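Given the structure is predicted, the values throughout are model-derived calculations rather than measurements.
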Amino acid sequence: MMVALHAQTGEVIWKSPALGEHGSYVSPLLINHHGKKQIIAAGGEHVFGVNAENGNIEWKFEDWGKEKKGEKIAPNTPIYKDGRLFFSFGYNMGSFQLQLNEEATDYEVIWRNDDFDTHIGGYVLVDGILYGSNWINNTQGNWIAVDWETGETRYDMAWSGGKSKGSVISADGLLYCYDERRGTVGLVNPTPEKFDVISEFRITQGEGPHWAHPVIDQGILYIRHGNALMAYRIK
């Protein structure tokens, strides 16, 4: 399921055991849990933790619920904070928060939320609230806020004007949301009461779906749409 290579020589350092399933789109997440380094990843059936020193798989999650059949797409990197992991993979899979034990060899499910099922747009944690969008179908979805501690849905709202689900990043206490259907970029106040759009504009260059996640670096917002890359000064 995972291979570690020497960065300079390409020599294989270790290979984790196979789980008999395909890999997935999710980028792995390196965490430091009570001084122990572990890599969190996902495949077609599991979310799992890999010992960064030797490649051993130390725990596996597959408790999606009886109604969740078939392989999982797993496009979003989990969030780790204070020993807890959050992940959400779209397609009505819902979202989950796990508490790792002291040794990161087992876990407890803290909560599950069936409203928050982010497709490919990622999610952010700001002041104890998770923000992202959810999946209604491959072209539709609402924007959603969920309490990190309890898993309670604080709002589940459409973006007005026919805009859909999309990507989200955060900077300086604000959300930057990018609608994947029409290419609208919104500056959003991260309040758990409502999807509060401060201002918005539409991407007019490029072609195809608006799927690339925005990036902010040194006061510049970068957005790619197909073959076009745009940079906006936001500092």
Specify the closest pair of heavy atoms between [X] and [Y], including all atoms of both residues, with the distance to one decimal.
X    : Y    : result
L29  : P78  : CD2-O, 3.4 Å
D147 : T150 : OD1-N, 3.0 Å
A231 : I220 : CB-CG2, 3.7 Å
L19  : F48  : CD1-CD2, 4.0 Å
L100 : Y107 : CD2-CB, 4.1 Å
N137 : K165 : O-CE, 3.2 Å

Do [X] and [Y] get their side chains close enough for a donor-acceptor pair, meaning under 3.5 Å?
X    : Y    : answer
N113 : T153 : yes
K60  : H46  : no
H225 : Q205 : no
D115 : N134 : no

Side chain to side chain contact (heavy atoms under 4.5 Å, CB included) assessment of E180 paired with I120: CA-CA 10 Å; E180 69 179 34; I120 59 174; 4.1 Å; yes

Does the side chain of [Y] come within less than 4.5 Å of [X]'s, by heavy atoms?
X    : Y    : result
E58  : E103 : no
M230 : I203 : yes
K235 : Q218 : no
V188 : I198 : no
C177 : S167 : no
D63  : F96  : no

Could you name each residue pair satisfying ring-ring contact (aromatic ring centres under 6.0 Å, His included) that touches residues 176-197, not counting sequence neighbours?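 Applying ring-ring contact (aromatic ring centres under 6.0 Å, His included) to every pair that reaches into residues 176-197, excluding sequence neighbours, yields W143-F195, W159-F195, Y178-H210.
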
Step-by-step side chain to side chain contact (heavy atoms under 4.5 Å, CB included) determination, I73 to F89: CA-CA 7 Å; I73 301 301; F89 294 153; 5.9 Å; no

Side chain to side chain donor-acceptor pair (under 3.5 Å) between N142 and S133, worked out: CA-CA 5 Å; N142 291 335; S133 60; over 6 Å; no

Is atom OH of Y25 surrounded by more than 12 heavy atoms (other residues, nucleotides or ligands) closer than 6.0 Å?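 Open: at most 12 neighbouring heavy atoms sit under 6.0 Å from OH of Y25.
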
Take atom CG of D127 as the centre, draw a 6.0 Å sphere, and report whether it contains more than 12 heavy atoms from other residues, nucleotides or ligands.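 Check fails, neighbour count at 12 or below.
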
Can a donor-acceptor pair be found, under 3.5 Å and without considering hydrogens, that links the side chain of [X] to the backbone of [Y]?
X    : Y    : result
W211 : G166 : no
N101 : T105 : yes
D117 : W135 : yes
S88  : T118 : yes
R181 : G183 : no
R154 : L130 : no
D179 : S164 : yes
S199 : L187 : no
N76  : V26  : no

When rounded to the nearest 0.5 angstrom, what distance separates [atom1] in [X] from [atom2] in [Y]?
X    : Y    : atom1 : atom2 : value
L229 : R224 : CG    : CZ    : 8.5 Å
L98  : R112 : CG    : CZ    : 12.0 Å
H119 : M93  : NE2   : CE    : 12.5 Å
L174 : I169 : CG    : CD1   : 11.0 Å

Common cluster, [X]/[Y], ILVMFWY with side-chain heavy-atom separation under 4.5 Å:
X    : Y    : value
W111 : V109 : yes
I40  : I57  : no
Y123 : V185 : no
I216 : F201 : yes
V50  : L85  : no

Going by the ring-ring contact (aromatic ring centres under 6.0 Å, His included) test, name the single residue among F61, F116, Y131, Y80 that passes it with F86.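 Going through the options one by one, the only one that passes is F116.
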
Would you call K36 and E53 a salt bridge, taking side-chain N to carboxylate O under 4.0 Å as the test?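 A salt bridge is absent here (no side-chain N lies under 4.0 Å from a carboxylate O).
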
Of all residues at least two apart in sequence or in a different chain, which pass the side-chain hydrogen bond (donor to acceptor under 3.5 Å, both in side chains) check with N32?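 Partners of N32 by the side-chain hydrogen bond (donor to acceptor under 3.5 Å, both in side chains) criterion come out as none, since no residue qualifies.
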
Test side chain to side chain donor-acceptor pair (under 3.5 Å) on T191 and N189 and set out the steps. CA-CA 6 Å; T191 169; N189 181 29; 5.1 Å; no

Applying side chain to side chain donor-acceptor pair (under 3.5 Å) to Q38 and W59, what does each step give before you reach the verdict? CA-CA 11 Å; Q38 190 174 80; W59 59 267; 2.8 Å; yes

Pair K15-M2, side chain to side chain contact (heavy atoms under 4.5 Å, CB included): steps then yes or no: CA-CA 6 Å; K15 297 180 181 180; M2 189 178 292; over 6 Å; no

Residue of the set R84, E108, K81 for which side-chain contact (heavy atoms from CB on, under 4.5 Å) holds with Q97: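 So, applying the side-chain contact (heavy atoms from CB on, under 4.5 Å) to Q97 and each of R84, E108, K81, only R84 qualifies.
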
Go through the steps for N138 and Y91 under the test side chain to side chain contact (heavy atoms under 4.5 Å, CB included), then give the verdict. CA-CA 8 Å; N138 280 355; Y91 299 100; 3.5 Å; yes

